[in-house]
**Student:** 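Okay, handing you the structure first.
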Amino acid sequence: MWRRVASLSSSISSSFLAQTASRLNTWESLTTGIAQQAKGVIAPKEKTPFITFVLGGPGSGKGTQCIKIVETFGFAHLSAGDLLRREIASKSADGAMILNTIKEGKIVPSQVTVKLIQKEMELSDNHKFLIDGFPRTEENRVSFERIIGVEPNVVLFFDCPEEEMVKRVLNRNEGRVDDNLETIKKRLTVFQALSLPVINYYSEKGKLYTIKAIGTEDEIFEQVRPIFAAFETVG
Ligand SMILES: Nc1ncnc2c1ncn2[C@@H]1O[C@H](COP(=O)(O)OP(=O)(O)OP(=O)(O)O)[C@@H](O)[C@H]1O
Ligand SMILES: Nc1ccn([C@@H]2O[C@H](COP(=O)(O)O)[C@@H](O)[C@H]2O)c(=O)n1
Ligand SMILES: [Mg+2]
């Protein structure tokens with residue numbers, strides 16, 4: 001997209017363009033593009049997005065804590081799993097493939113999931129996003145960076161013992177096709193093999209906040225609260 005701007009402005013030096021492009025809010029790359037914004041087709045978003053990825057094994061309490069974060073800090077909550085389940089319910093072209101993948105505890109191709117997240121972000125008036133259950137794999141992570149063009153500000157990791165996660169999922173009682181012992185075992189294997197490397201990646205980047213996800217919901221939230229409170233103080 002930046003190249004497209006450059007081709008329109010051949011009289012301006014490429015280094016000036018590169019500097020200008022890097023200063024421009026990356027939020028713009030989320031929308032259909034600067035060219036369309038210039039034509040007035042799309043209004044540019046006003047604020048820089050603040051992105052939090054919410055990671056943890058199945059049943060670690062991501063969704064539960066996201067509700068509290070939304071209530072307290074006013075984020076928009078985008079659950080990748082919920083968006084995929086919505087696709088199944090809407091009987092879209094990808095619905096059957098997504099259903100089979102979820103039943104198997106496997107990971108849906110990144111492009112499908114990122115496009116769903118992108119659509120929700122574009123539709124939202126909010127600029128603070130909690131992206132729950134994503135990225136689950138390195139492929140998810142790279143795909144988000146490539147398509148959306150931004151990196152997370154914060155990555156939360158709800159660290160919960162497997163035994164507790166299995167107990168919670170089996171008691172969840174929401175009628176999910178993947179809440180059975182056979183699929184949970186597969187999801188835990190996928191989490192260890194594919195999601196932990198993503199968590200380690202963000203740890204090395206200094207963006208990871210690990211939460212001990214045992215205790216009551218309120219006790220766990222008291223570990224989460226200061227993380228976002230600190231960002232609010234910074235502005
Ligand atoms: N601290 C807690 N103690 C006991 N049960 C909890 C706690 N937090 C959440 N739960 C319950 O555990 C179940 C799983 O929680 P939740 O749906 O938030 O997990 P999740 O990480 O989003 O799981 P998934 O990845 O499968 O979507 C829910 O029934 C929830 O009510
Ligand atoms: N990035 C993702 C997120 C989820 N999935 C699939 O959905 C299932 C349920 O996800 P939850 O976050 O609600 O637990 C998950 O087991 C995957 O099959 C995905 O493919 N990619
Ligand atoms: Mg969840």
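Whatever order the structure lists ligands and atoms in, that order sets their numbers, starting from 1.
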**Student:** Is there a polar contact between ligand 1 and P58, counting only N or O atoms under 3.5 Å apart?
**Tutor:**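 No: no nitrogen or oxygen of P58 is under 3.5 Å from one in ligand 1.
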
**Student:** Ignoring angles and geometry beyond distance, decide whether R176 reaches within less than 3.5 Å of ligand 1 through its nitrogen or oxygen atoms.
**Tutor:**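 Yes, there is a polar N/O contact under 3.5 Å.
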
**Student:** Please write down residue, atom name and distance for the protein heavy atom closest to atom 22 (O) of ligand 1.
**Tutor:**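 Sorting protein heavy atoms by distance from atom 22 (O) of ligand 1 puts G63 N, 3.0 Å first.
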
**Student:** Verify the ring-centre separation between F134 and F144: is it less than 6.0 angstrom?
**Tutor:**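 Yes, the ring of F144 comes within the 6.0 Å limit of the ring of F134, centre to centre.
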
**Student:** List ligand 1 atoms under 4.0 Å from I220, heavy atoms only on the residue side.
**Tutor:**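 Answer for ligand 1: 1 (N).
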
**Student:** Just to confirm my output: which protein heavy-atom neighbour is closest to atom 23 (O) of ligand 1, and how far is it?
**Tutor:**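 Protein heavy atom with the smallest distance to atom 23 (O) of ligand 1: G59 N, 2.9 Å.
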
**Student:** Only heavy atoms count here, so choose which of E139, K186, R136 is nearest to atom 15 (C) of ligand 2.
**Tutor:**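 Looking at heavy atoms only, the winner is R136.
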
**Student:** Keeping the roles fixed (side chain from R187, backbone from D178), state whether a donor-acceptor pair exists under 3.5 Å.
**Tutor:**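 Checked: pair present.
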
**Student:** Any N/O of R176 closer than 3.5 Å to an N/O of ligand 2?
**Tutor:**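 It does: an N or O of R176 is found under 3.5 Å from an N or O of ligand 2.
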
**Student:** Which heavy atom of the protein is the closest neighbour of atom 25 (O) of ligand 1, given with residue, atom name and distance?
**Tutor:**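 Here the nearest protein heavy atom works out to K62 NZ, 2.6 Å.
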
**Student:** Quick one: does E104 get within less than 4.0 Å of ligand 2, heavy atoms only?
**Tutor:**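 Distance cut 4.0 Å: E104 fails for ligand 2.
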
**Student:** Heavy atom under 4.0 Å from ligand 1: found in T216's side chain, backbone, both, or neither?
**Tutor:**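 T216 to ligand 1: backbone contact only, side chain stays beyond 4.0 Å.
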
**Student:** Short list, please: which atoms of ligand 1 are under 4.0 Å from a heavy atom of G215?
**Tutor:**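 By the 4.0 Å cutoff, the relevant atoms are 1 (N), 2 (C), 3 (N).
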
**Student:** Check whether T183 reaches the backbone of K103 with its side chain - one donor and one acceptor, N or O, closer than 3.5 Å.
**Tutor:**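 Yes, T183 side chain to K103 backbone: donor-acceptor pair under 3.5 Å.
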
**Student:** I need the nearest protein heavy-atom contact for atom 4 (C) of ligand 2: residue, atom name and distance, please.
**Tutor:**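 Result for atom 4 (C) of ligand 2: L84 CD1, 3.7 Å.
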
**Student:** Donor-acceptor pair, T72 side chain versus I69 backbone, under 3.5 Å?
**Tutor:**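 No, because the side chain of T72 does not come within donor-acceptor range (under 3.5 Å) of the backbone of I69.
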
**Student:** Students should be able to answer this: which protein heavy-atom is nearest to atom 17 (O) of ligand 1, and at what distance?
**Tutor:**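 Checked against all protein heavy atoms, atom 17 (O) of ligand 1 sits closest to R172 NH1, 2.8 Å.
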
**Student:** Please confirm whether C66 comes under 4.0 Å of ligand 1, counting heavy atoms of the residue only.
**Tutor:**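 It does not; every heavy atom stays at 4.0 Å or beyond.
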
**Student:** Is it the side chain, the backbone, both or neither of R187 that has a heavy atom closer than 4.0 Å to ligand 1?
**Tutor:**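 Near ligand 1, R187 shows its side chain, while the N, CA, C and O stay back.
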
**Student:** Quick check, are the ring centers of F231 and F73 under 6.0 angstrom apart?
**Tutor:**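 Not under 6.0 Å, so no.
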
**Student:** Atom 20 (O) of ligand 2: which protein heavy atom is closest, and how many Å away?
**Tutor:**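 Scanning the protein heavy atoms, the shortest distance from atom 20 (O) of ligand 2 goes to V108 N, 2.7 Å.
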
**Student:** Any nitrogen or oxygen of T64, side chain or backbone, less than 3.5 Å from one on ligand 1?
**Tutor:**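 Min N/O separation from ligand 1 is below 3.5 Å for T64.
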
**Student:** Flag V169 as yes when one of its N or O atoms lies below 3.5 Å from any N or O atom of ligand 1, and as no otherwise.
**Tutor:**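 No; every N/O pair is 3.5 Å or more apart.
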
**Student:** Considering heavy atoms of the protein only, find what lies nearest to atom 4 (C) of ligand 1 and give residue, atom and distance to 0.1 Å.
**Tutor:**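 Nearest protein contact, heavy atoms only, for atom 4 (C) of ligand 1 is R168 NE, 3.7 Å.
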
**Student:** Using distance alone, decide if ligand 1 has a nitrogen or oxygen within less than 3.5 Å of any nitrogen or oxygen in S60.
**Tutor:**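 Among all N and O atoms of S60, at least one is under 3.5 Å from an N or O of ligand 1.
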
**Student:** Suppose we measure from atom 8 (N) of ligand 1 to each protein heavy atom; which comes out shortest, and what is that distance?
**Tutor:**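 Ranked first by proximity to atom 8 (N) of ligand 1 is E217 CG, 3.7 Å.
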
**Student:** Should G61 be counted as touching ligand 1, given the test is an N or O pair under 3.5 Å?
**Tutor:**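 G61 vs ligand 1: N/O contact under 3.5 Å present.
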
